[in-house]
Amino acid sequence: MNNLIKKYSSIWIALLLFSGCEQIDPLKEEQYVKQIYIVGASAVVSQFVMPYQSTPSDAYISLATGGSLKIDQDVSVSVIHDDQAIKWYNNKYMIDAPVKYRILEATNYTIPKMSTTIKAGEVYGRMPFSVTTKGLHCDSLYALTFKIDQVSDYQKVVKDSVLILNLNLVNDYSGTYQLNIARSNMIKNNAGVWEKGTTTNLSTTRLLKAVDENTVRLFNEVKAEQRSSYTSHEEYFNAIKKYGVNMSKSTDGTFVISPWADLAIVDPGTCTYTDGTFTFVYDYMDGTTRYRIEGTLRK
């Protein structure tokens, strides 16, 4: 009799335990410490693609909630700038860089409100602002810093808490292209007219860098455009001055070719842009030799 009672008691205990396990759903409970963070701050530097344009350009940062469940109430988040982060990052990671990050001047941006609200049931909340890109130098690394100051509920993340937002300045014509050119040395005939002599065909990829809303800069011919190709920062920037070529859009839709700095362009020729392709010709001097460049740049 005692064995029978023990047997049924064990069955009832097992059933009760099974029933209790069935009622517990761990996924319905928050699995982590609920924290508020800035999207991109874990990488410290985040890039925001921003067009050069005559009117202010819109930008934003995103604040978010971590955890396994969405929040069930609105959470207000305020931020502050932490510009010492730029100095720290430059000293730690940019020692050998040709250009270091610099704080964007306050006259170049407007932040209506240094706070945002992450709505109940949402994961993200945006904090918008605008940047005046006119006059910003294409070879500078402009950045804004953001750090969470206060949150109305939960807790702010402590590690990886500062975002350095770098502005990647672009326009409608910047980007990576396939360059194909024919370079001819030019010779004057007996009538004093320039004629093409020996011609060499060259091909490479080329990055066109936005200078302003309507201008891009490229390296002449197939001269090296990467910093790693030069022995010093000074040599690199001297190469930009020596080999840089501007293509600037005119009011009639065609492009005007001009030197970035020191390249001796003696005939700007012609330049058009159609369906993602530049077609151009221009003459320049290298010492006492005149060359003609005819080619295309295709995206």
Side-chain angles (χ1 to χ4, degrees), residues 40 44-61 81-91 93-111 129-146 163-177 206-220 223-230 232-250 255-265 268 271 273 278 297:
V44 185
V45 176
S46 183
Q47 196 174 80
F48 194 98
V49 176
M50 179 166 290
Y52 273 114
Q53 57 186 37
S54 55
T55 57
S57 299
D58 294 330
Y60 63 87
I61 63 168
H81 294 303
D82 185 6
D83 293 339
Q84 285 300 311
I86 290 181
K87 183 178 180 180
W88 166 82
Y89 192 88
N90 284 339
N91 289 337
Y93 298 107
M94 305 289 284
I95 293 296
D96 294 327
V99 180
K100 294 177 174 57
Y101 290 108
R102 56 182 292 186
I103 301 167
L104 183 68
E105 297 291 338
T107 53
N108 283 103
Y109 67 89
T110 300
I111 303 178
F129 59 96
S130 62
V131 175
T132 300
T133 56
K134 186 176 181 180
L136 295 182
H137 197 285
C138 65
D139 290 320
S140 292
L141 291 176
Y142 298 101
L144 285 170
T145 61
F146 298 96
L163 171 68
I164 299 175
L165 189 69
N166 169 235
L167 308 180
N168 178 19
L169 300 168
V170 301
N171 63 22
D172 291 340
Y173 313 102
S174 59
T176 302
Y177 288 73
R206 182 61 82 217
L207 177 67
L208 270 59
K209 191 173 188 66
V211 173
D212 56 36
E213 186 176 2
N214 294 306
T215 303
V216 288
R217 184 186 71 200
L218 70 149
F219 268 53
N220 184 47
K223 300 294 185 182
E225 61 182 356
Q226 301 298 326
R227 165 63 185 90
S228 57
S229 300
Y230 299 91
S232 67
H233 298 334
E234 182 180 10
E235 186 182 7
Y236 169 66
F237 285 110
N238 284 339
I240 293 176
K241 291 173 63 178
K242 186 176 180 180
Y243 304 125
V245 178
N246 285 346
M247 293 179 170
S248 303
K249 187 178 181 181
S250 302
F255 281 73
V256 175
I257 293 177
S258 63
W260 168 256
D262 298 337
L263 184 67
I265 295 178
C271 181
Y273 182 85
F278 283 101
L297 285 157

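Because the structure is a prediction, the values reported are computed rather than measured.
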>> Pair Val99, Phe237 - check side chain to side chain contact (heavy atoms under 4.5 Å, CB included), show working.
In response: CA-CA 10 Å; Val99 180; Phe237 285 110; 3.5 Å; yes

Less than 4.5 Å apart, any side-chain heavy atom of [X] and any of [Y]?
| X | Y | answer |
| --- | --- | --- |
| Met94 | Leu141 | yes |
| Tyr101 | Val45 | yes |
| Trp88 | Ile164 | no |
| Arg217 | Asp139 | yes |

Look at the side chain of [X] and the backbone N and O of [Y], then say whether any donor-acceptor pair between them is shorter than 3.5 Å.
| X | Y | answer |
| --- | --- | --- |
| Tyr52 | Leu136 | yes |
| Glu213 | Ser54 | yes |
| Asn246 | Ser258 | no |
| Thr133 | Gln53 | yes |
| Asn166 | Tyr142 | yes |
| Asn108 | Val131 | no |

> Mind checking whether Phe129 and Phe146 have ring centres under 6.0 Å apart?
Replying inline: yes

>> Less than 6.0 angstrom separating the ring centers of Phe48 and Tyr60, yes or no?
In response: yes

> What residues form a side chain to side chain donor-acceptor pair (under 3.5 Å) with Thr145, not counting sequence neighbours?
Replying inline: Asp83

> What residues, two or more places apart in sequence or in another chain, satisfy side chain to side chain donor-acceptor pair (under 3.5 Å) together with Ser248?
Replying inline: Thr215

> Between Val211 and Trp260, does a side chain to side chain contact (heavy atoms under 4.5 Å, CB included) hold up when you go through it step by step?
Replying inline: CA-CA 10 Å; Val211 173; Trp260 168 256; 3.9 Å; yes

Determine the minimum heavy-atom distance between [X] and [Y], stating which atoms define it.
| X | Y | value |
| --- | --- | --- |
| Ala224 | Phe219 | O-CE2, 3.0 Å |
| Cys271 | Met247 | SG-SD, 3.9 Å |
| Tyr236 | Gln226 | CE1-C, 4.1 Å |

> With under 30° as parallel and over 60° as perpendicular, where do the rings of Phe278 and Phe255 fit, or are they tilted in between?
Replying inline: perpendicular

> Parallel, tilted or perpendicular: which describes the rings of Tyr109 and His81, with under 30° parallel and over 60° perpendicular?
Replying inline: perpendicular

Give, for atom [atom1] of [X] and atom [atom2] of [Y], the distance between the pair rounded to the nearest 0.5 Å.
| X | Y | atom1 | atom2 | answer |
| --- | --- | --- | --- | --- |
| Leu144 | Ile61 | CG | CD1 | 9.5 Å |
| Leu167 | Met50 | CG | CE | 5.0 Å |
| Lys209 | Glu225 | NZ | CD | 10.0 Å |
| Glu235 | Arg227 | CD | CZ | 8.0 Å |
| Leu263 | Ile240 | CG | CD1 | 13.5 Å |

>> Can you tell me if Lys100 has over 12 outside heavy atoms packed within less than 6.0 Å of its NZ?
In response: yes

> For Asp96, does the CG atom sit with more than 12 other heavy atoms under 6.0 Å from it, leaving out its own atoms?
Replying inline: no

> side chain to side chain contact (heavy atoms under 4.5 Å, CB included) with Asn171: which residues, sequence neighbours excluded?
Replying inline: Tyr173, Ser174, Ala210, Val216

>> The test is side chain to side chain contact (heavy atoms under 4.5 Å, CB included); show your working for Tyr243 and Asp262 and say whether it passes.
In response: CA-CA 7 Å; Tyr243 304 125; Asp262 298 337; over 6 Å; no

